Colleague: 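Please read through the structure below; I'll follow up with questions.
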Amino acid sequence: QDEELFIPVISKGFQHQFWQAVNQGAEQAAEEFGVRVTFEGPDNESQVDKQMDMLAAALANNPDAIGFAALDSQAAIPLLRQAQEAGVPVVAFDSGVDSDIPVATAATDNKAAAAMAADKMAELIGGSGQVAVVAHDQTSRTGVDRRDGFVDRMEAEYPDVEIVAVEYGGGDHLRSTEITRALLAAHPDLDGIFGTNEGSAIGVVNGVRESGQEGITIVGYDSGKAQTDAIREGLMAGAITQNPVGIGYETVRAAVAAARGEEVEGDIDTGFYWYDQSNIDDQEIQAVLYD
Amino acid sequence: MTAVDTTTAPRPSRRGTAHQKLLAFASLIALVIGFSLASPNFFQVSNIMAILQATSVNGVLAIGATLIIITGGIDLSIGTLMTFCAVMTGVVLTWLGAPLIFGVVAAIGTGALSGLVSGTFVAKMKIPPFIATLGMMLILKGLSLVVTGTRPIYFNDTPGFDLISRGSLIGWVLPGFPVPNGVLILFLVAGFAAWILSRTVLGRYTFALGSNEEAVRLSGVNADAWKMAIYALSGAIVGIGGLLIASRLNSAQPALGLGYELEAIAAVVIGGTSLAGGRGTILGTLIGALIMAVLTNGLRVLSVAPEWQTVVTGGIIIVAVYADQLRRGKT
Amino acid sequence: MTAVDTTTAPRPSRRGTAHQKLLAFASLIALVIGFSLASPNFFQVSNIMAILQATSVNGVLAIGATLIIITGGIDLSIGTLMTFCAVMTGVVLTWLGAPLIFGVVAAIGTGALSGLVSGTFVAKMKIPPFIATLGMMLILKGLSLVVTGTRPIYFNDTPGFDLISRGSLIGWVLPGFPVPNGVLILFLVAGFAAWILSRTVLGRYTFALGSNEEAVRLSGVNADAWKMAIYALSGAIVGIGGLLIASRLNSAQPALGLGYELEAIAAVVIGGTSLAGGRGTILGTLIGALIMAVLTNGLRVLSVAPEWQTVVTGGIIIVAVYADQLRRGKT
Amino acid sequence: MRHSSLGGGAMTRLVRMEGIDKVFPGVKALDAVDFDLLAGEVHALMGENGAGKSTLMKCLSGVYQPDGGRILIDGKPVSLPTPRSAQDQGIGIIHQELALMRDLTVAQNIWIGREPRKSFGRLDEAKLNADAAAIFDGMNVKMDPRTPVSSLTIARQQMVEIAKALSYRSRVLIMDEPTAALNDTEIAELFAIIRRLRSEGVGIIYISHKMDEIRQISDRVTVMRDGTYVDTVAAADTPIERIIAMMVGREIQHSDIAIPDLSGAETALEVIDVSRGAELKNISFDLKQGEILGFAGLMGAGRTELARAIFGAEPIDRGEIRVHGKPVRIASPSDAVRKGIGYLSEDRKQFGLALGLDVRANIGLPSMGRHSDRMGRINEGKLSEVARSYIDMLRIRTPHDAQEVRLLSGGNQQKVVIAKWLLRDCDILIFDEPTRGIDVGAKAEIYRLLADLAKRGKAIIVISSELPEVLRVSHRIAVMCEGRLTGILPGGARQEEIVALATKREGKTAA
Ligand SMILES: Nc1ncnc2c1ncn2[C@@H]1O[C@H](COP(=O)(O)OP(=O)(O)OP(=O)(O)O)[C@@H](O)[C@H]1O
Ligand SMILES: Nc1ncnc2c1ncn2[C@@H]1O[C@H](COP(=O)(O)OP(=O)(O)OP(=O)(O)O)[C@@H](O)[C@H]1O
Ligand SMILES: [Mg+2]
Ligand SMILES: [Mg+2]
């Protein structure tokens, strides 16, 4: 290992806090293992082909291993195969890649996490009532999984809870705010709203705050200062957080190991957590929050 | 018979501007009535306030766009400039801890400066506005991320900042009429822009440049300088939009803004301003922005499936502009 | 000396179109050399192929956009139309299980039809192209989601579909020269479009409409019909782009496409086509698309931070067009 | 011979241009041209289309920078880098190509750049309109200063340009073909204004292709040919023929019209009771093959409207049009051309030319079908060949057939429009102001050409605001007034008869 290892990390985005936290974890690991890491991702989670171009450019740089969060794993297979042929190990992260090419996967089970949000929501509104979802994306893997995880669990376990609407704000804070206000107008008896990522959740908080309506239970996803503040203030009941820093760290750690020809663990579950006013200051939770 | 007589030939009735505004207004009213009939939840004070609030940012951006479009230009950097102005406000207020008013100055100043840069590209370097502002759109988008380190800046330490858009001065004076300040600011900006356009030299040159730039130049006017001034003014107005969105989100979100420019331009054109330049009104733009906001809100209140919302919005934009064409008797 | 003599005055060098292309080409070469010096990994066969592959979709879209822009129009629906065409291919091939060729027909046919609709809006209903295609952009975006039920359609059951873009016919004939079929198709489309523009009546009218539509109409030409034909042709070309992207991703991704139109238009303008209409070349557009692809790829290979990539791209778009203006001696 | 007899007098010399050169890509537009202007004189600048008149004046008004030579004002060399700097030197210009802002009102156009202001950059709209009204009063023209320019006809726009130029109160006033779009009464008004300015000591440079005007108004005449200075002469003691000879450098053949016997000719076009709104009222006439029907009338009489209606460019409310005896429905210009009707518009810039395209493409525009194969491939060689033949025939001054039309002089652009309709070879041709901006030599050619076309059996309508022109070419003369056809006179009618019909209002007889 005389030469510094080079590990490009291709994520699903870079502008969101979540991805920045992943980046942070990756950089932590890079420093620890003395490798060089680059981090990039497309502007939004629909740009499947842009991600392909990024992967192609990364491969051109003769990397020692690659971290990759596939927007669409099927579409990526030819390039992944190319990596495999070139002897470049691939570590999948965030959501998995439906293929045996990646040597390891560091991911959150988004569906299970969203199902947990549904459980909490149902509990908080007393097992019955009307609930709406402000999702961040209608087609991306994370958007679909979180929506479905939430909706399916509600339908399966809580027959008295009605999902009255699912709207998509693209993770844009302002659009999600606008959506929330329309939802509040359209459903005067609404009890709770689930925002499926940081931007959506903050938008929901904003919209509810602006409308001045009381008694809406808000459940969020991911962290960021606005969400933790809202939870402390009591505006938001609680949220699911993943462990983005851990994801980034584990991805790079596995990549380094694979590049050095060491044994790596195939499935690295980085976990998810529910946090609310009661546990937000716990050390375990604080470790996975970012702002 | 002298030449004088020939000029008294029957003249075609001027195509009434009053009439024009009436029609855009009619579309708006039709939409409102339609949605009200379709859902009892639509025409409620709180929802109307939501719609007005939703109009505020896009409305201000659209007013900025109107100025540029009347000169015959276009501005694709509106959305990301808005964000960049919000970011600069955050830098000044949160990072430097300066008093509120400096944040306002920072937003408007950043907007004006960036507008001036775009204006220089267009006027001095003769880069087509579409490209100059496309480039600016990317530059500003990147800069927002660079400056913030891709992290939002929160205004929690600046008390009162969120009141800029959310408070209600009017509601304070006239309880029961809780018009948010954001909307008040929209109308103030609209009034100011309308005044500039109709009463000042700058406004005159805005129309003149859009009508025939070469003629303006041949008349000995320093066309470049005036054009740059218009771009700077438009940028300053976009800066106010940045202030409004920052206040509404109580934070500067660096990744926001892409796509807002098309919404603003759509509002402008629905309001009857010609993309060819030389013609347009602020009142029309306001109505256009309201139409967009009512449409978006109404479709959501009706719980139309999101993908169909997109389709219907696209269709209505086309229909609204077509109605405008029909009225002008172009087809 | 009679007036007749003056018409045979020494023939000046025609304001060199050759020269023009040379300059845009020079920018391209400069970029390539710069990146090659900056990183040894840039100028490698595999990376060059990656760049060419990345050019193929945007290049085809940009060629479609070139036709519209020469008529003095603009097409914002390119990106979402590309996606819609890919989706319709998916419907035909995967859902209906039709043979490959029908997928190709579906993509091109959908594109042509949609182009015809846009063309009708513009030519017959006199809706400004910016707005007509903005509406179409939203409509098509929504329709792609509606048709697919927001899920991608995979082409796993259509063997050979991915070869449309990924295979290499050239590499098969000339091993060691593995130019992907996508690139081959790009060049075929470019050749065809260039032929249309320079040699056919349709091409002549494309330029004429962009130069002075009213004069074309008053020359007894059925301007509306020709314009619609151009929009349909452009749509068909975008359909080929849809085919290419579907083949590259071996799937039809219904949410893709927004924003691609601006990239395509940027390529067109960098290539020297005037947004005012009446002037432009396909070769220029090709070079413009290559410049964009080299730039994006090169910055990535250099591991420039993504936010700075955006800033630099914006800056280079402006500089490239400014260089073009300087050469034309406009400033 | 360079210095005119007037030059040495007591009058002050306002402008002196010495050895001015100007080169455009492919064209040496000016080659060492000298010119001078005295206070209180009208100095006519003459030359064929493309001789360089407009270019010289653009150098004097700060639009172009000369490549060589110098300009002296009041004897002092000056540089005029911008239109503004020329204005500051007291030089005003009416450009040949109208340069108005269509979306602004008349008054706003006139005062652009010099708006009366109140505090805070606010406009004083009332003063603006009042000042504009005062200028029109002084011109004896009735015009509402609040009218948007876009609703004015070309002639009215020309009036606005003149008013604008006057508003500068310049010491030097350049008029580049100000009368090209005006009728006789308006020209008379303009001349009155010019004479008044001259008496006030203003120096006026006057460009026109109308020879009779030169006689009437100018003191000295400078002639240019092919970008070079030819001579400056006193107008009073130089016969027009001499000036023409200096301009063209060759003889011009005049041919008098012979009115053919068309009794046996087939009727090509019948217009029956065509009406639209207030613009066209119950118009009926017919036109035979081989006939040239002139249309006379005052500005706004509705001749252009009628032509556009026949051509399908504008709808008609009522009435019928028959071509070769068959009733036809013409809903668009393409219908009209298919039926064999061609229309040459009076406004070449807006309606006649694709300025960004080359000469060849413009000439070929209506005839693409005939120069392409079934697959739509253009036969470039053939097209270029015919384009060149028309360039020669009409003496279009262009370096080659691939020159952008926008770079040609105004008159040469007009010839391109003519060429395009000649090439289309329609049976029925409507020429609206075909010689606007065209020099004497070329005019004669065009008159001959019209006669030739008629001889070959074409049916031709010529709309012209120049009575001598109508009289010169027409076999019959139709006269319109306020949207009505007030009468059709035989060729060779007297001018007074035409004027009487042109002013014959509804319900009254001519004043
Ligand atoms: N910008 C330009 N670029 C190239 N050539 C030009 C340009 N402007 C004028 N020319 C050429 O210069 C010559 C002189 O043109 P100019 O307009 O001065 O003629 P003119 O005497 O005013 O003719 P007309 O009587 O037709 O108006 C013409 O051959 C014309 O084609
Ligand atoms: N002085 C005027 N003021 C306002 N409108 C006018 C005036 N003159 C003409 N028009 C408009 O133009 C119409 C007819 O003009 P048209 O161009 O057909 O006349 P023309 O006989 O061709 O005269 P010319 O082309 O010389 O102006 C009128 O019915 C009127 O609508
Ligand atoms: Mg001239
Ligand atoms: Mg006329």
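As the structure is a computational prediction, the values presented were derived from the model and not from experiment. Letters go in sequence order (proteins before strands), and every chain restarts at 1.
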Colleague: So which of P254(C), G135(C), S144(C), G315(C) has the biggest tally of heavy-atom pairs under 4.5 Å with chain B?
Modeller: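 Looking at each option in turn, the highest pair count goes to G135(C).
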Colleague: Could you tell me which portion of I74(C) (side chain, backbone, both or neither) has an atom closer than 4.5 angstrom to a non-hydrogen atom of chain B?
Modeller: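 Contact with chain B involves the side chain of I74(C) alone.
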Colleague: How long is the straight-line distance from CG of L145(B) back to CD of Q309(C), given to the nearest 0.5 Å?
Modeller: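 Output value for this atom pair is 12.0 Å.
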Colleague: Identify which of V321(B), L143(B), V146(B) forms the greatest number of heavy-atom pairs closer than 4.5 Å to chain C.
Modeller: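 It is V146(B).
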Colleague: Relative to chain C, which segment of I131(B) carries a heavy atom at a distance below 4.5 Å: side chain, backbone, both, or neither?
Modeller: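 Both backbone and side chain.
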Colleague: Please report the C-alpha distance between L262(C) and M137(B) in whole Å, then the side-chain angles of each, then the deciding distance to 0.1 Å, and finally whether the side chain to side chain contact (heavy atoms under 4.5 Å, CB included) criterion is met.
Modeller: CA-CA 11 Å; L262(C) 292 184; M137(B) 165 207 224; 3.6 Å; yes
Colleague: Assess whether side chain to side chain contact (heavy atoms under 4.5 Å, CB included) is satisfied between I139(B) and I318(C), documenting all intermediate values.
Modeller: CA-CA 10 Å; I139(B) 291 175; I318(C) 291 178; 4.3 Å; yes
Colleague: What do you reckon, is NZ of K227(C) surrounded by more than 12 foreign heavy atoms closer than 6.0 Å?
Modeller: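 Result for NZ/K227(C): enclosed.
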Colleague: Check whether A132(C) gets within reach of chain B through its side chain, its backbone, both or neither, counting any heavy atom under 4.5 Å.
Modeller: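 For A132(C), backbone heavy atoms alone lie under 4.5 Å from chain B.
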Colleague: Take a 6.0 Å sphere around CH2 of W95(B) and say whether it holds more than 12 heavy atoms from other residues, nucleotides or ligands.
Modeller: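 Yes, because the 6.0 Å sphere around CH2 of W95(B) holds more than 12 heavy atoms from other groups.
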Colleague: Could you go through residues 295-305 of chain C and list every donor-acceptor pair under 3.5 Å that involves a side-chain atom there, pairing it with any protein atom two or more places apart or in another chain?
Modeller:
residue, atom, partner, partner atom, Å
T296(C), OG1, M292(C), O, 2.6
N297(C), OD1, N47(C), ND2, 3.0
N297(C), ND2, N47(C), OD1, 3.0

Colleague: Could you check F130(C) against V269(B) for side chain to side chain contact (heavy atoms under 4.5 Å, CB included), going step by step and ending with a plain yes or no?
Modeller: CA-CA 10 Å; F130(C) 192 98; V269(B) 180; 5.5 Å; no
Colleague: In terms of heavy-atom proximity below 4.5 Å to chain B, should I270(C) be classed as side chain, backbone, both, or neither?
Modeller: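 The answer is neither part of I270(C).
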Colleague: What part of T150(B) is in contact with chain C, defined as an atom under 4.5 angstrom from a non-hydrogen atom: side chain, backbone, both or neither?
Modeller: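 Only the side chain of T150(B) comes within 4.5 Å of chain C.
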Colleague: Quick one: pull up CG in L134(B) and CD in E263(C) and give me the separation to the nearest 0.5 Å.
Modeller: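 Going from CG on L134(B) over to CD on E263(C), the span is 9.5 Å.
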Colleague: Of the options V311(C), T310(C), I316(C), which is the one that meets L138(B) in a side chain to side chain contact (heavy atoms under 4.5 Å, CB included)?
Modeller: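 Option passing the side chain to side chain contact (heavy atoms under 4.5 Å, CB included) with L138(B): T310(C).
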